[in-house]
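What follows is one structure encoded as structure tokens, with my remarks underneath.
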Protein chains: 2
Amino acid sequence: MKGNAVYKRSYNGCLAMCGSLQLGACLPSENELAQQLSVSRTTIRTVMTGLEAVGILSREGAIRRLSRHPQPEDAFPDTQTQSTSATVERRFLEWILDGNIGPGYLLTAAELARQFGTSTTIIREHLPHFQHFGLIERRPNSAWLFKGVTPAFANEIYEVREMFELRAARSFAVLPDDSRSWRHMRMIEAEHRALLKSIDKDYSLFPNLDERLHRTIHETTDNRFIKDFYDIISMLFHYNARWDVEDEKQRAFAALTEHITYIEALLGRDLKAIDQACRQHLKTARSNLLRSIELRMTMPPA
Amino acid sequence: MKGNAVYKRSYNGCLAMCGSLQLGACLPSENELAQQLSVSRTTIRTVMTGLEAVGILSREGAIRRLSRHPQPEDAFPDTQTQSTSATVERRFLEWILDGNIGPGYLLTAAELARQFGTSTTIIREHLPHFQHFGLIERRPNSAWLFKGVTPAFANEIYEVREMFELRAARSFAVLPDDSRSWRHMRMIEAEHRALLKSIDKDYSLFPNLDERLHRTIHETTDNRFIKDFYDIISMLFHYNARWDVEDEKQRAFAALTEHITYIEALLGRDLKAIDQACRQHLKTARSNLLRSIELRMTMPPA
DNA sequence: CCCATGCTTTTTATATGCAAAGAACAGGGT
DNA sequence: ACCCTGTTCTTTGCATATAAAAAGCATGGG
């Protein structure tokens, strides 16, 4: 009735720990393992029992020792280490953002449950989350309306994003030199410069860097609502990468250049330059997104 | 297993309709009734059966006639016309905002279910909503952390609110004279002037007017995220009224005056005046809220 | 052919059941 | 006194069950 993803993830975690242990060495205490993996001792004990059953551990009384080194095939596959809930969330987003349905489509919990092979409980728990993302809208006592990943959606997101990021960027500029964010930003700057040199082959590393830059900026506001909103941007951004593969290298290069200007303005505490660089970059990002959305609307994927 | 709040609400709705009917008159068609009350025909049919059972309606074949006028006691009490879900949501918010728990308190779904007399299913469906409000935070596989209605909470809300409302107000100013929002605003202005005259006795009507003014402004942005955020403000505002009863009259008067300045600036399309009035009003509102929160934190309610 | 109503099928709202995971308690060793 | 393991008790994650409500289909009258 309940999956055992936590068990499997912890099992894999323990396997990894065992890997760096000498044969015959005894394991840390249950409490310590539990803390390291952020799970309860109960789970650790179940894992230990499992490891003993396959002969990786042996125990004398209360002491457990490594009796053979774990092999890669001892581990559970990654697909099984995520809770049903997380899996459904991910698959649902993929399904929606891959364009399987268009604006106006009515989503019924019962149908989705069948489609994803879970119960309606899980579906009903997740739909409000996508409402928060602005993707769907509730009809009381009835189905959910899919609003679509439309130009309007992108524009509304970017309208808010611009306000938030401008404010965050300004607040970044007045933080002390030795704040965590500033140290972070200097690292990110270095990574940008490094990536710029090898952009021809490493352009696919850019999205991750992009996300980290913007998140670092947003985090400085210390405002739970602004941070929360960044999850929406992040979601959209993450999945946009799925469709928009054309010209990826050029776009990465252009964005990288804009980022560097932006970062220089930030580290230079030049408010005017910050505003300008921020606006310019978001404008580019917005039109990239819009272009990609419009392209997809005229020729939906097979 | 499922409440019948929809039935009861529709039943009351039909009673009200019957009230304005002549004795012996025949009712509208089932379809029409269903549409009027925004429920399914199935529900209407069940209601009709109920009304026949208590002798309010009589039927010959397919025709239903009013056979006696409904009395007030025929109606279901209002408490029974709301779904379990809605009731829990309301009671939970009241419970939290009335200060029954402090920041740092751990909420467990099981306990809440017992406390509110429902199943954990409902509770689990609602907690994410309060997370969206910024009131609680999730600990995976464990309890929820109540973050408290603290000064930080108020400040973070107002930081965002200011950005959104300034932008909305500016976009309001460029709408055409005959737009729905402008007509709306002129009505609201009239109500403000009327209320100003009778503020001594009618000050308790102010909160409703306040909400309508700000919502009218926010609606003009046509941005789902901004509108969505206004629900949080609204919630806080609504419940703030529960604690903050002292000096209510003075505060209503002060706010009313600020509103009128604000509205004049808006209707005058004077961008600079709008900015100033908006900032000024939000500043006052924020400090009222902060004062009330700080007061409550030093002397929590019995 | 358009709308009625009657009847059937599907979906939603909510409670309950149960395995997995977490938390609390208890004795024992250092 | 602390930390460790064994044990028990509670809570969470998820599926299922069921009444209420919605949606769909059939039939019949103007």
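Hydrogens, waters and symmetry mates are skipped; everything else that's a heavy atom, side chains included, is used. Every chain is numbered from 1 and lettered A, B, ... according to where its sequence line falls, protein lines coming before strand lines.
- Residues passing the side chain to side chain contact (heavy atoms under 4.5 Å, CB included) test with Arg90(B), sequence neighbours excluded: Gln82(B), Thr87(B), Glu94(B), Tyr239(B).
- Looking at residues 104-123 of chain B, you'll see Thr108(B), Ala109(B), Ala110(B), Arg114(B) sit with a heavy atom under 4.0 Å from some atom of DNA chain D.
- Across dG13(D), dA21(D), dC4(D), the shortest atom-to-atom separation from the side chain of Arg124(B) is found for dG13(D).
- For Arg91(A), the salt bridge (charged side-chain N to carboxylate O under 4.0 Å, His left out) criterion is met by no residue, not counting sequence neighbours.
- For Glu89(B), there are no salt bridge (charged side-chain N to carboxylate O under 4.0 Å, His left out) partners two or more places apart in sequence or in a different chain.
- Between Tyr230(B) and His218(B), the angle of the ring planes lies from 30° to 60°, which puts this pair in the tilted group.
- Looking at residues two or more places apart in sequence or on another chain, you find no ring pair (Phe, Tyr, Trp, His ring centres under 6.0 Å) involving Phe153(B).
- For Glu32(A) and dC2(D), the CD to C1' distance is 15 Å, given to the nearest whole Å.
- Taking the C1' atoms of five terminal pairs at each end of the helix from dC1(C)-dG30(D) to dT30(C)-dA1(D), the two resulting helix axes are inclined by 30°, rounded to 10°.
- Ring geometry for His132(B) against His132(A) counts as tilted: the plane angle lies between 30° and 60°, on a 0 to 90° scale.
- Where DNA chain C meets chain A (any atom under 4.0 Å from a heavy atom), the bounding nucleotides read 5' to 3' are dT11(C) to dA24(C).
- Between the side chains of Ser234(B) and Arg215(B), at least one donor N or O sits under 3.5 Å from an acceptor N or O.
- Atom CZ of Arg180(A) has 12 or fewer heavy atoms from other residues, nucleotides or ligands within 6.0 Å.
- Each side chain to side chain donor-acceptor pair (under 3.5 Å) pair with one or both residues in residues 138-151 of chain B, not counting sequence neighbours, appears once here: Glu137(B)-Lys147(B).
- The separation between Ile44(A) atom CD1 and dC4(D) atom P is 13 Å, rounded to whole Å.
- Using a 4.0 Å cutoff on non-hydrogen atoms, no part of residues 128-139 of chain A comes near DNA chain D.
- Contact check of residues 79-95 of chain A against DNA chain C (heavy atom, cut-off under 4.0 Å) returns no residues at all.
- Atom NZ in Lys2(B) sits about 17 Å away from atom C1' in dT16(D), given to the nearest Å.
- Nucleotide dA21(D) holds its P atom 13 Å from the CG atom of Leu37(B), rounded to whole Å.
- The aromatic rings of Phe130(A) and Phe133(A) sit perpendicular to each other, their planes meeting at more than 60°, with 30° as the lower class boundary.
- For Ser83(A), the side chain to side chain contact (heavy atoms under 4.5 Å, CB included) partners two or more places apart in sequence, or in a different chain, are Ser85(A), Ala86(A).
- Between His69(B) and Leu66(B) there is a side-chain heavy-atom pair separated by less than 4.5 Å.
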- With B for base contact, S for sugar-phosphate-only contact and - for none (protein heavy atoms under 4.0 Å), nucleotides 22-30 of chain D reads BBB------
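- One finds the CD1 atom of Ile56(A) at 4.0 Å from the CG atom of Asp74(A) (value rounded to the nearest 0.5 Å).
- One can place CE of Met1(B) at 8 Å from C1' of dA19(D), the figure rounded to the nearest angstrom.
- The interatomic distance linking His126(A) (NE2) with dA15(D) (P) rounds to 10 Å, in whole Å.
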